[in-house]
Trainee: 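Starting off with a structure, shown below.
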Amino acid sequence: QVQLQESGPGLVKPSQTLSLTCDVSGGSITADYYYWSWIRQPPGKGLDGIGYIRYSGNTDYSPSLKSRTAISRDTSTNRFTLQLTSVTPEDTAVYYCAREVSIATMEVAYWGQGTQVTVSS
C-alpha cells in the first residue's frame, strides 16, 4: 500500500522559501506512468495544483506559480520535495503531496495527510 507523508516547517516568514518533503513508502517515485504531485488548499478555497515530478525527473508547474516553484526528488530515499520562493501570506494553505494518474482531471490515487503552512511575520 502506498503511503505519503509531508514534513517541513509550519511557519514561514514572508519573502522566504517554503520547503517541504514528501516521504513515499510502498511505491517507487521512479516508476513510470504516475505523477508525484504537490497540491495545496488555501483557507476557504478549493484545491490548487502546484506541480509534479515524474519518474524521469521531468517536472511541470502551474502557470501561476512556475516562476517561484521547484520540485525535485531524491531517488535514494524515495522522497520528493517542494520549494516555493518569495512567499507571501497568500501562500498560506494546507499542502498535500499526492500520487496522481491524471493531471487533467486531478485523479488522485493516494494523498498525504496534509500539512498546514502559515506565512506570517
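Everything numeric here is computed off the predicted structure, so don't read it as measured data. When reading the values below, keep in mind they use all heavy atoms of this one structure, side chains included, and skip hydrogens, waters and symmetry mates.
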Trainee: Tell me whether the guanidinium CZ or amine NZ of Arg99 lies under 6.0 angstrom from the six-membered ring centre of Tyr110 and within 45° of its axis.
Mentor: no
Trainee: Any link between Trp36 and Ile39 through a network of hydrophobic side chains (Ile, Leu, Val, Met, Phe, Trp, Tyr) touching at under 4.5 Å?
Mentor: no
Trainee: Does Val12 share a hydrophobic cluster with Leu84, counting links as ILVMFWY side-chain heavy atoms below 4.5 Å and allowing steps through other members?
Mentor: yes
Trainee: Closer than 3.5 angstrom, by distance alone: can the side chain of Asn78 be matched with the main-chain N or O of Gly27 as a donor-acceptor pair?
Mentor: yes
Trainee: Would you name the heavy atoms of Thr17 and Thr85 that are closest together and state the gap between them?
Mentor: OG1-CG2, 3.8 Å
Trainee: Between Leu20 and Val24, is there shared hydrophobic-cluster membership here, with clusters defined by ILVMFWY side-chain heavy atoms closer than 4.5 Å?
Mentor: yes
Trainee: To the nearest 0.5 angstrom, please state how far the CH2 atom of Trp38 sits from the CG atom of Leu18.
Mentor: 9.0 Å
Trainee: On a heavy-atom basis, which atom in Glu100 and which in Met106 lie closest, and how many Å separate them?
Mentor: OE1-CA, 3.3 Å
Trainee: If you measure from CD1 on Ile29 to CZ on Phe80, what distance do you get to the nearest 0.5 Å?
Mentor: 7.5 Å
Trainee: Only pairs at least two apart or in different chains count here, so list each disulfide (SG to SG under 2.5 Å) that has a residue in residues 72-121.
Mentor: Cys22-Cys97
Trainee: Taking all non-hydrogen atoms of both residues, which atom of Pro14 and which atom of Ser121 are closest, and how far apart?
Mentor: CD-N, 3.6 Å
Trainee: Would you check, one step at a time, whether the test side-chain contact (heavy atoms from CB on, under 4.5 Å) holds for Glu6 with Tyr96?
Mentor: CA-CA 7 Å; Glu6 306 87 350; Tyr96 300 91; 3.9 Å; yes
Trainee: Got a sec, which hydrophobics cluster with Tyr52, joining ILVMFWY side chains under 4.5 Å apart, including via others?
Mentor: Tyr35, Ile103
Trainee: For Ile71 and Leu82, which heavy atoms make the closest approach, and how far apart are they?
Mentor: CG1-CD1, 4.1 Å
Trainee: My understanding is that only residues two or more places apart in sequence, or in another chain, count here; which of them pass ring-ring contact (aromatic ring centres under 6.0 Å, His included) with Tyr61?
Mentor: none
Trainee: Looking at Arg79, is its backbone amide N or carbonyl O close enough to the side chain of Asp74 to form a donor-acceptor pair, meaning the two atoms are under 3.5 Å apart?
Mentor: no
Trainee: Test side-chain hydrogen bond (donor to acceptor under 3.5 Å, both in side chains) on Ser72 and Thr81; report intermediate values, then the result.
Mentor: CA-CA 5 Å; Ser72 59; Thr81 64; 2.6 Å; yes
Trainee: Is there a path from Tyr95 to Leu65 through hydrophobic residues (I, L, V, M, F, W, Y) whose side chains come within less than 4.5 Å of each other?
Mentor: yes
Trainee: Minimum heavy-atom separation for Thr92 and Gln116, please, with both atom names.
Mentor: CG2-NE2, 3.7 Å
Trainee: Donor-acceptor pair, distance only, cut-off 3.5 Å: does the side chain of Gln83 make one with the backbone of Ser19?
Mentor: no
Trainee: Of all heavy-atom pairs between Arg73 and Thr30, which one has the smallest distance, and what is that distance?
Mentor: NH1-CG2, 3.8 Å
Trainee: What is the distance from atom OG1 of Thr21 to atom CD of Gln5, rounded to the nearest 0.5 Å?
Mentor: 11.5 Å
Trainee: Shared ILVMFWY cluster between Val94 and Ile50, side chains joined below 4.5 angstrom?
Mentor: no
Trainee: Could Asp48 and Arg40 be called an ion pair, given the rule that one side-chain N must be under 4.0 Å from one carboxylate O?
Mentor: yes
Trainee: Any side-chain heavy-atom pair from Arg54 and Asp32 closer than 4.5 angstrom?
Mentor: yes
Trainee: Please determine whether a side-chain nitrogen of the Lys or Arg among Asp60 and Lys66 lies less than 4.0 Å from a carboxylate oxygen of the Asp or Glu.
Mentor: no
